[in-house]
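These notes are about the structure you will find just below.
Here the structure is a predicted model, which is why all the values come from computation and not from measurement. Quick note: numbers below take in every heavy atom, side chains included, and nothing from hydrogens, waters or symmetry partners.
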Amino acid sequence: MGDRERMANETVNLRLIVMEMLMTVTEQKAENRQYHGGMYSHIVVRDTLNRYNHLSGQQKSFIKRLFEGTLERMIEIDFVINAYSKVKTEKMKPVIRAIMRLSVYQILYMDSVPDAAACNEAVKLAQKKGFSTLKGFVNGVLRTIVKNKENIEYPSLSVKYSMPEWIVKLWTSQLGEEKTLDVLEGLLSEHPVTVRFRKASVIEEVKTALEDRGGSMEKHPYFEDAYKILKTDDITRLPHYDDGGFVIQDTSSMLAVRSVLAGEFLSKLRASGDSVRIVDICAAPGGKSMLMTDLMRDTGINYTIEARDVSEKKVRLMQENFARCGFDEKKVSAVVRDATLCDACEKETADIIIADVPCSGLGVIGKKRDIKYKITREQINDIVSLQRRILKTAVEMLKPNGRLLFSTCTINRVENEENFEWLKDELKMTPVSLNDALPKCIHSETTEEGYLQLLPKLHDTDGFFISVLKKQGGV
């Protein structure tokens, strides 16, 4: 009997799986961090669901919901536990801490799980892990929380929305209280995966396959080819993923790529008759390069696109993605390169540079829940320094009159607007209005000025910064 068949015949304790996942992410602590783990949560989810691929879709959904929800709400959960437990979470044994957290999440947020079942399963799990002497403690604290859950009062936005206090203060100072509340609520709302259909002919077939699996699909309002996928455990198993019929890409990323291809600029490129060189210098996993390829293919312009990343593993992933989409290797390539370096022979050789630079990731906390626990305020200065080294290299590579797309997946003026101003003031780049390229419903004063800060609740996207600037010296 093979491993997969044997696993299928065994009774699987779903809460035990989640407990082990939580410990993998949260129990390896580093200095000055309340929560820190050795693996990122989205990788843990992927690897765990692959390992237990024999489970039903409902079981996989339970694992994913309980793990991601517990991780997402951990500050709030710890506050609630500490309010009713003499032993505070930081003093608990790691196994008991994980059991308590996932159990409190069920009590507070999973209506499908009876409170009594959450308490009983926690006791069983403690016994199973060798902590029979603590079953009374586990049971007593959880049942007290059940009795009082309707009367819990939260002392701050940080606790209510499970966001580190320093991030709440950062956003409040930059966005104001109203927009900060919107962001906090938006990050805790459901985040369906967004896909871009490359072949309109396959949309109905994919939709039918989704519905057969209990999922659904709805069109995103910004683009005809963008759809939100709801309630499915593995999008890559849907028909036409393997043949490149659709790709996974957030709408914010689609907006960024389209923002650099305004009509007037395309007309100038077409009129020149020259081959257009496009370099995506921080490209992995390649979504922007793939969209750029599809857009350029319809312009009649001769072009090449080079997608770069410093990681060999990520470059191999991009190569696989490009092959899946059937791209011509002579036109679209993925290579290992350091984005901070520019060879002399590459100076002023690119017509378009895509620089989606490394950042704090605060805009994608809704999808990668552990980012808010791993990033620190102290790291941001180092991040900005790296961003500017990459942007300086990008400007060096750009031809006069060439376009730079500078973007990040964060919400932070220091990494976004201040870098935009730095590009203008120090590197003498000229902003380009985004209004010709973006949907009218998101036009604003800032899009006319050359940039846009997308916010989760307000724009129905990730938190994402987009800007386009032109290198001076051209006609």
Side-chain angles (χ1 to χ4, degrees), residues 3-4 7 10-55 59-78 81 88-110 113 118 121-131 134 138 162-164 187-188 191 193 233-234 236 285 311 313-314 317 360-362 364-376 379:
D3 288 344
R4 187 173 295 277
M7 290 173 71
E10 293 175 353
T11 301
V12 178
N13 188 323
L14 303 182
R15 291 173 177 82
L16 175 61
I17 294 171
V18 174
M19 185 207 76
E20 291 170 344
M21 293 168 71
L22 285 171
M23 293 186 67
T24 299
V25 173
T26 64
E27 293 300 340
Q28 297 179 30
K29 293 193 175 182
E31 278 187 50
N32 302 321
R33 298 191 192 178
Q34 186 177 4
Y35 309 107
H36 178 80
M39 289 186 67
Y40 286 98
S41 60
H42 64 288
I43 295 174
V44 172
V45 170
R46 181 198 66 196
D47 291 350
T48 301
L49 295 183
N50 285 340
R51 180 184 174 196
Y52 292 97
N53 194 44
H54 63 283
L55 295 177
Q59 289 173 313
K60 290 179 182 177
S61 294
F62 180 88
I63 289 172
K64 191 170 185 289
R65 164 83 187 279
L66 181 53
F67 170 69
E68 292 181 341
T70 302
L71 193 61
E72 185 170 59
R73 296 277 186 174
M74 202 153 59
I75 293 175
E76 176 194 2
I77 287 169
D78 282 3
I81 293 171
K88 307 309 178 188
T89 52
E90 65 268 22
K91 297 295 184 181
M92 292 177 183
K93 295 183 183 298
V95 167
I96 298 299
R97 179 164 49 236
I99 291 172
M100 295 295 286
R101 284 171 171 166
L102 67 89
S103 301
V104 171
Y105 180 78
Q106 292 170 80
I107 291 167
L108 296 181
Y109 290 106
M110 295 184 74
V113 179
E121 291 301 320
V123 170
K124 290 178 184 178
L125 195 50
Q127 289 178 297
K128 184 177 180 66
K129 296 302 293 182
F131 293 98
L134 293 176
V138 169
S162 271
M163 187 64 66
L187 291 173
L188 287 177
H191 292 273
V193 175
D233 59 310
D234 190 350
T236 65
S311 162
K313 181 178 179 180
K314 291 181 179 180
L317 174 62
S360 58
L362 302 182
V364 290
I365 286 173
K367 293 177 179 175
K368 299 179 180 179
R369 282 89 177 162
D370 50 334
I371 286 177
K372 60 186 176 184
Y373 306 126
K374 293 179 182 291
I375 191 70
T376 66
Q379 289 175 309

- Message: Would Leu188 and Arg73 count as a side-chain contact (heavy atoms from CB on, under 4.5 Å) here? Give the steps.
- Response: CA-CA 9 Å; Leu188 287 177; Arg73 296 277 186 174; 3.6 Å; yes
- Message: If I compare all heavy atoms of Leu187 with all of Leu362, which pair ends up nearest, and what's the gap?
- Response: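 For Leu187 and Leu362, the tightest heavy-atom pair comes out as CD1-O, 4.3 Å.
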- Item | Audit row: Arg97, Thr26, side-chain contact (heavy atoms from CB on, under 4.5 Å) steps and yes/no | CA-CA 10 Å; Arg97 179 164 49 236; Thr26 64; over 6 Å; no
Quick one: pull up [atom1] in [X] and [atom2] in [Y] and give me the separation to the nearest 0.5 Å.
X      : Y      : atom1 : atom2 : answer
Met21  : Asp47  : CE    : CG    : 9.5 Å
Met100 : Ile77  : CE    : CD1   : 11.0 Å
Ile365 : Met163 : CD1   : CE    : 4.0 Å
Ser162 : Glu72  : OG    : CD    : 8.0 Å

- What pairs with Tyr105 under ring pair (Phe, Tyr, Trp, His ring centres under 6.0 Å), at least two apart in sequence or on another chain?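 Testing Tyr105 for ring pair (Phe, Tyr, Trp, His ring centres under 6.0 Å), a comparison that skips the adjacent residues, returns Tyr109.
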Just to verify, what does [X] make a side-chain contact (heavy atoms from CB on, under 4.5 Å) with, not counting sequence neighbours?
X      : value
Lys367 : His191, Asp250, Asp462
Gln106 : Arg15, Phe62, Leu66, Leu102, Ser103, Met110, Val113, Ala118
Leu134 : Lys93, Ile96, Phe131
Lys91  : Val87

- Test salt bridge (Lys or Arg N to Asp or Glu O under 4.0 Å) applied to Glu68 - qualifying residues, sequence neighbours left out: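 Expected list: Lys64, Arg369.
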- Could you tell me which residues satisfy salt bridge (Lys or Arg N to Asp or Glu O under 4.0 Å) with Lys124, sequence neighbours excluded, listed by chain and number?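 Partners of Lys124 under the salt bridge (Lys or Arg N to Asp or Glu O under 4.0 Å) test: Glu121.
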- Task: For Thr70, check side chain to side chain donor-acceptor pair (under 3.5 Å) against everything at least two apart and list the hits.
- Result: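 Once residues adjacent in sequence are excluded, Thr70 has no partner under the side chain to side chain donor-acceptor pair (under 3.5 Å) criterion.
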- Message: Going by the rule side chain to side chain donor-acceptor pair (under 3.5 Å), which residues pair with Gln59 if we only count those two or more places apart in sequence or in a different chain?
- Response: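 Per chain and number, Gln59 pairs via side chain to side chain donor-acceptor pair (under 3.5 Å) with Ser56.
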- Message: Looking at Lys372, I'd like to know if its NZ atom is crowded, meaning that more than 12 non-hydrogen atoms belonging to other residues, nucleotides or ligands lie closer than 6.0 Å.
- Response: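 Check passes, neighbour count above 12.
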